[in-house]
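All of these numbers come straight from a predicted model, not from anything done at the bench.
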Amino acid sequence: MEEAPGTTDRELVFDAFRNWGYLEADLDPLGFLRPQPAPELQVEGEFAREARGIYCGTIGAEFMYIADPERRRWIQERLEGPQPAVEQDYVLDQLIRADLFEQVLQQRYLGSKRFSLEGVTALIPLVDEILEVAGDRGAAELVMGMSHRGRLNVIVQVAKRPPEEVFAGFEDVDPRSVLGSGDVKYHMGATGEYVTRSGARIHVHLGSNPSHLEAVDPVIVGRTRAKQDRAGDDGTQKFLPVLVHGDGAFAGQGIFAETLNYSDLKGYTVGGTIHVIVNNLIGFTTTPGELHSSRFAAQLARRQNVPIFHVNGEDVDAVVRVARIAAEYRYTFGSDVVVDLIGYRRHGHSEVDDPTITQPLLYKVIKDHPPLWEIYAEDIGADDVQQRAATIRQEYEAAQQKAGSITKKPTLRELPAYWDNFKGGRFKPEYAVDTGLPREELQEITERLTSYPPDFHIHPKVKKLLEQRAEMGAGKRPVDYGMAEALAFGSLVKAGIPVRLSGQDTRRGTFNQRHSVLLDIENEQEYVPLQHVAADQARCEVYNSTLSEAGVLGFEYGYSRDYPEALVLWEAQFGDFVNVAQAVIDQFVSSGEDKWGLLSGLVLLLPHGYEGQGPEHSSARIERFLQLAARDNFQICQPSNAAQYFHLLRRQALRPWRKPLVVFTPKSMLRHPEASSPIEDFTHPRFLSVLPDEEVHDARRILLCTGKIGHELRLERKKRKDESTAIIFVEQLYPFPDADLSAAIEQHPSAREIVWVQEEPANMGALTYILPRLRRIAGGRSVMSVKRSASASPATGSAKAHEVEQKTLLSLAFTLKA
Ligand SMILES: Cc1ncc(C[n+]2csc(CCOP(=O)(O)OP(=O)(O)O)c2C)c(N)n1
Ligand SMILES: [Mg+2]
């Protein structure tokens with residue numbers, strides 16, 4: 001008779017449990033998430049008993065989909081081999097501290113939100129064990145991102161801020177320091193030093209974050225990458241990223257999936273991020289069955305070669321073991337890893353929320369459920385636990401008393417020294433720098449940018465492009481945008497300023513304009529001229545990004561936050577797609593300084609312009625950026641020629657003022673002679689925020705515009721043989737160049753009419769921003785505007801309709817009467 005498979009063959013039985021054991025594991029401390037019987041596991045016998053003990057206990061591991069057998073074997077050995085001892089007394093202390101901290105907050109500040117950790121308190125020993133492993137591996141810093149749940153507790157227990165600082169947040173001391181700015185206490189970042197049991201000192205940095213769940217993920221990973229790049233070869237050992245997620249957010253928010261997707265990519269990897277899901281099996285009032293289509297929120301991570309360790313949050317020793325396995329896995333394989341810490345939520349979503357309305361049965365159980373430290377003390381037979389608890393409670397009470405006498409809002413964090421030389425706040429004239437370069441230097445850089453090794457088989461089209469660029473640099477042909485950008489990057493890396501650019505198809509350039517990476521057509525070997533500008537130059541990196549906006553923009557913003565000396569740029573494929581990243585723009589790029597006092601010099605390159613390519617290939621939504629502009633929070637520019645683009649990029653890197661820069665970049669104008677510049681313009685001192693009209697003197701009518709339409713207006717003027725209309729380009733929309741614009745207008749004392757001309761519909765573009773400002777400086781002249789009619793969609797889908805519209809705009813610009 002044939003034997004039932006699996007009952008005698010140890011490996012077969014074990015494989016069944018390795019594959020499916022997590023389904024029957026005992027993971028929910030309150031028992032609501034019931035084991036799901038797996039047919040493969042309905043086997044008896046000694047091996048089955050043994051395997052069940054390992055794979056269906058309080059740890060449930062999902063890892064058999066990992067393609068690399070060595071990684072699977074490594075995990076198997078860790079789970080099936082002898083288990084390291086846990087220092088239970090030490091862990092008990094952490095649990096008491098974490099829970100009592102919440103309880104003191106609850107008693108002292110009844111009715112305030114704190115998003116208590118109670119129910120998943122094992123997070124604290126979990127992170128402690130990660131730090132223990134990291135310390136052994138030479139970690140210098142834990143870079144951590146997390147949202148609301150348990151954050152205040154983490155600030156005290158992990159980032160080691162004195163508890164009185166957190167209490168002072170509840171007292172809301174010093175409100176005058178943050179009128180109109182600042183952020184709520186559970187969003188502010190914190191830094192401190194953690195000393196592990198074995199004596200390693202690890203800097204802990206918990207990043208500031210917005211309410212928008214998971215939006216901080218790419219930012220933390222980008223920041224970690226910048227820190228690692230600064231550190232050099234052992235950067236991934238020294239800087240360890242840990243992201244703490246809610247179960248609802250982990251499963252639901254796409255920006256996390258985007259972040260996970262680039263974890264193994266050269267331009268974005270950080271040698272593995274440890275993800276911890278603080279899984280209370282609820283999101284606000286919503287149940288797991290409503291939050292995700294999978295059994296576990298964590299299963300989103302299965303799309304990649306990432307192991308998932310579910311663990312019952314009330315078996316604290318198992319939590320500590322899993323933390324060690326996860327951290328060692330990250331350090332061994334340089335991979336992301338997920339720990340799914342399953343517990344419950346003791347109170348409502350926040351403490352002012354009554355959960356018995358939406359989860360009456362669950363909360364009946366929770367009401368009678370003892371705190372974790374009591375359960376653990378009993379498990380390990382600690383007898384002095386009440387005494388220990390009383391002592392710890394007294395410590396917190398004393399800290400709470402102390403908070404009452406704090407009068408200045410505590411900052412909770414220190415900035416790294418590399419921020420010492422950079423400024424935020426309002427622009428000051430002393431920040432201005434010259435950005436022009438002598439002809440000889442431009443020539444020298446051009447030679448480096450247009451040459452390649454003698455045995456390199458270059459594509460004939462690229463060869464021609466480089467020949468043209470050589471002529472541009474030599475002054476024999478006007479310089480186009482692609483070359484202007486290369487000259488800017490080349491001159492910066494030559495001066496020791498690193499350049500990092502990423503975006504979709506950015507290495508070649510969406511419009512075939514960049515060609516930053518040359519490919520040998522016989523063997524696809526790469527040659528990057530920008531990496532061969534000078535012997536002691538800084539890094540120049542250009543990456544094709546994943547097909548993501550929010551995730552990648554978040555990453556580059558994060559990178560810029562920890563590399564202020566570098567020029568960091570993100571490019572949208574078309575500016576139209578930037579709205580996919582709107583939360584990152586609203587919550588970080590435009591408001592990070594206002595909320596958290598944190599600066600960034602990130603550059604956004606957004607191709608913009610009405611060229612008949614339809615509603616989604618026309619507008620980068622200038623109006624949206626202008627609406628966000630206040631208190632010099634960022635710079636919004638549209639350089640209308642190549643030299644202006646060159647000066648603008650150099651200005652961004654060379655000024656000590658660190659402000660995000662939004663650049664509306666051209667498409668059809670990239671190689672257009674009208675927008676190309678003579679090489680002399682690159683020797684001029686600086687970027688001009690307004691381009692006055694050099695051709696027409698004392699005009700009767702002034703057309704004011706920004707970007708491509710200005711060039712079209714010039715052609716139209718030529719066609720009309722008009723000699724009485726001046727065309728002025730506003731190159732910097734924000735901060736608004738009042739003085740420069742006034743001066744450009746004053747050059748035409750006889751002008752009676754100023755017309756703002758834009759391609760965008762009346763409810764878009766710069767119109768509503770510019771008109772009131774223009775009226776202020778118009779000095780009695782009448783101010784009019786020419787634009788497309790207000791429209792729900794940015795542009796027509798018909799190329800012919802576009803042409804008709806565009807013609808009408810140009811004609812009206814010259815004929816409209818007040
Ligand atoms: C992008 C976004 N959508 C909605 C919210 C509102 N919100 C705040 S917390 C929360 C529930 C979060 O659930 P989960 O991720 O499980 O975290 P938990 O609070 O349970 O720890 C929601 C919907 C938000 N903050 N961000
Ligand atoms: Mg939750």
side-chain hydrogen bond (donor to acceptor under 3.5 Å, both in side chains) partners of Arg72, counting only residues at least two apart: none
Among all residues two or more places apart in sequence or in another chain, which pass the side-chain hydrogen bond (donor to acceptor under 3.5 Å, both in side chains) test with Gln573? Asp505, Thr510
Salt bridge (charged side-chain N to carboxylate O under 4.0 Å, His left out) partners for [X], two or more places apart:
X      : result
Asp89  : Arg388
Asp264 : none
Arg18  : Glu11, Asp15, Glu80
Arg71  : Asp68

Between [Y] and [X], is there a salt bridge with N-O shorter than 4.0 Å?
X      : Y      : result
Glu193 : Arg161 : no
Arg52  : Glu24  : yes
Glu77  : Arg73  : no
Arg10  : Glu50  : yes

Using the ring centroid of each side chain, check whether [X] and [Y] are separated by less than 6.0 Å.
X      : Y      : value
Tyr344 : His369 : yes
Phe47  : Phe14  : no
Trp570 : Phe555 : no
His349 : His148 : yes

side-chain contact (heavy atoms from CB on, under 4.5 Å) filter on Thr58, not counting sequence neighbours, yields Asp26, Asn312, Asp315, Ala318
Examine distances only and state if a side-chain atom of [X] and a backbone atom of [Y] form a donor-acceptor pair shorter than 3.5 Å.
X      : Y      : result
Arg330 : Gly272 : yes
Gln106 : Glu351 : no
Gln387 : Asp383 : no

Considering residues at least two apart in sequence or located in another chain, which fulfil the ring-ring contact (aromatic ring centres under 6.0 Å, His included) criterion with [X]?
X      : answer
Phe17  : none
Phe32  : none
Tyr557 : Phe588
Tyr559 : Tyr563

Less than 4.5 Å apart, any side-chain heavy atom of [X] and any of [Y]?
X      : Y      : result
Val311 : Leu27  : no
Phe239 : Arg230 : no
Arg225 : Arg500 : yes

Please tabulate, for side-chain N and O atoms in residues 91-100, each donor-acceptor pair with protein atoms closer than 3.5 Å (sequence neighbours left out).
residue	atom	partner	partner atom	Å
Asp93	OD2	Arg97	NE	3.0
Gln94	NE2	Asp128	OD1	3.3
Gln94	NE2	Tyr194	OH	3.4
Arg97	NH1	Glu395	OE1	3.0
Asp99	OD1	Thr121	OG1	2.8

